[in-house]
Amino acid sequence: MSKNIIRADDKHADTFDLGGALWKIQIPGSETGNQFSLVESISPPGIGSPLHRHIRADQAIYVLEGELEIVADSESFSFAKGETCLIRRGTPHREVNSSHSQTRFITIHSPGFFSEFIRLAGTPVRAGTKVSPPSSLTIEEVRKIAEIGLEFDVEILTPLEKLVGTGKQ
């Protein structure tokens, strides 16, 4: 295959558990000169991110399956299969699967630092792994995730103490 074509699939995607969701790095920022990254998320009901923002990156989300609630600017927006949203850089927001079934979505960040955040903050799992219940986090683990986030354009805005013991990011 040409080195100018990148083939991504579930069998070869680097997969990580972060906050009880699976994150599959389909196209890492390192392959695009950090122009963008493309990551798939599989989130069970009730799982979501803390309030955060991407300091220098725009984020597009395309829902593949289920429903995804996005809270931004003190408003809640619901997105279903086939719908897309754009979250502009610097916007405080959080994503949560508020439905009763699994949600799958693609997230594209430009620039593409997000894939490296997932790689360093998440726990590697074998491709094909099912989502497992989130484990409780210690304050040290939460602080480490927050520090890694700042290195890769993700600023966690939820007070870290609120994330201790929850297992949710």
Side-chain angles (χ1 to χ4, degrees), residues 4-125 127-132 134 145 149 152-158 168-169:
N4 292 319
I5 301 292
I6 298 171
R7 174 179 238 144
D9 62 39
D10 287 346
K11 293 178 186 173
H12 300 98
D14 290 342
T15 304
F16 299 86
D17 182 328
L18 181 59
L22 288 181
W23 296 87
K24 298 178 182 182
I25 300 174
Q26 298 289 356
I27 301 176
S30 60
E31 289 290 343
T32 68
N34 274 327
Q35 294 296 308
F36 74 93
S37 63
L38 188 146
V39 179
E40 177 185 358
S41 179
I42 302 171
S43 181
I47 297 298
S49 66
L51 184 66
H52 67 285
R53 67 179 172 171
H54 302 278
I55 301 164
R56 296 172 291 144
D58 293 320
Q59 177 182 7
I61 295 175
Y62 178 75
V63 179
L64 298 167
E65 174 184 313
E67 295 179 21
L68 186 66
E69 179 184 5
I70 298 177
V71 179
D73 296 329
S74 301
E75 289 187 67
S76 178
F77 305 90
S78 183
F79 293 86
K81 179 180 177 177
E83 293 185 310
T84 303
C85 77
L86 173 66
I87 303 168
R88 297 193 189 281
R89 62 189 68 201
T91 301
H93 67 283
R94 66 183 304 258
E95 305 99 7
V96 63
N97 177 356
S98 56
S99 72
H100 297 290
S101 60
Q102 174 178 284
T103 295
R104 289 178 50 234
F105 62 94
I106 295 289
T107 182
I108 300 169
H109 288 76
S110 177
F113 310 116
F114 186 70
S115 59
E116 291 311 304
F117 166 70
I118 293 296
R119 188 178 306 284
L120 293 175
T123 302
V125 296
T129 298
K130 299 290 182 198
V131 179
S132 59
I145 290 169
F152 295 99
D153 196 41
V154 179
E155 181 181 20
I156 296 174
L157 302 171
T158 297
K168 296 182 181 177
Q169 301 299 306

* Asked: For residues 53-74, which residue pairs qualify under salt bridge (charged side-chain N to carboxylate O under 4.0 Å, His left out), counting only residues two or more places apart or in two chains?
  -> Arg53-Glu155, Arg56-Asp153, Asp58-Arg89, Glu65-Arg104

* To do: Give the ring-plane orientation class for Phe77 versus Phe79, where under 30° counts as parallel, over 60° as perpendicular and anything between as tilted.
  => tilted

When rounded to the nearest 0.5 angstrom, what is the spacing between [atom1] in [X] and [atom2] in [Y]?
X: Ile25; Y: Phe114; atom1: CD1; atom2: CZ; result: 9.0 Å
X: Ser37; Y: Phe152; atom1: OG; atom2: CZ; result: 11.5 Å
X: Ile106; Y: Tyr62; atom1: CD1; atom2: OH; result: 9.5 Å
X: Thr107; Y: Ile61; atom1: OG1; atom2: CD1; result: 5.0 Å
X: Ser98; Y: Leu68; atom1: OG; atom2: CG; result: 7.5 Å
X: Ile70; Y: Thr91; atom1: CD1; atom2: OG1; result: 11.0 Å

I'd like to check [X] versus [Y] (side-chain heavy atoms, cut-off strictly below 4.5 Å). Are they in contact?
X: Ile118; Y: Phe16; answer: yes
X: Ile42; Y: Trp23; answer: no
X: Ile145; Y: Leu18; answer: yes
X: Phe113; Y: Asn34; answer: yes
X: Val96; Y: Ile47; answer: no
X: Lys24; Y: Val39; answer: no

Provide the closest heavy-atom pair for [X] versus [Y] in the form atom of the first, atom of the second, distance.
X: Ala21; Y: Pro44; answer: CA-CD, 4.4 Å
X: Gly29; Y: Ser115; answer: N-OG, 3.0 Å
X: Arg94; Y: Ser49; answer: NE-O, 2.9 Å
X: Asn97; Y: Ser43; answer: ND2-O, 2.8 Å

* Asked: Could you give all pairs that pass the side chain to side chain donor-acceptor pair (under 3.5 Å) test and reach residues 116-125, with sequence neighbours left out?
  -> Asp14-Arg119, Glu116-Arg119

* Between Thr103 (side chain) and Gly66 (backbone), is there a donor-acceptor pair under 3.5 Å? -> no

* To do: Check for a donor-acceptor pair, side chain of Thr15 on one end and backbone N or O of Ala13 on the other, with a separation under 3.5 Å.
  => yes

* To do: Would you check if the distance from the ring center of Phe36 to the ring center of His109 is below 6.0 Å?
  => no

* **Side-chain donor-acceptor pair present, Glu95, Gln59, cut-off under 3.5 Å** => yes

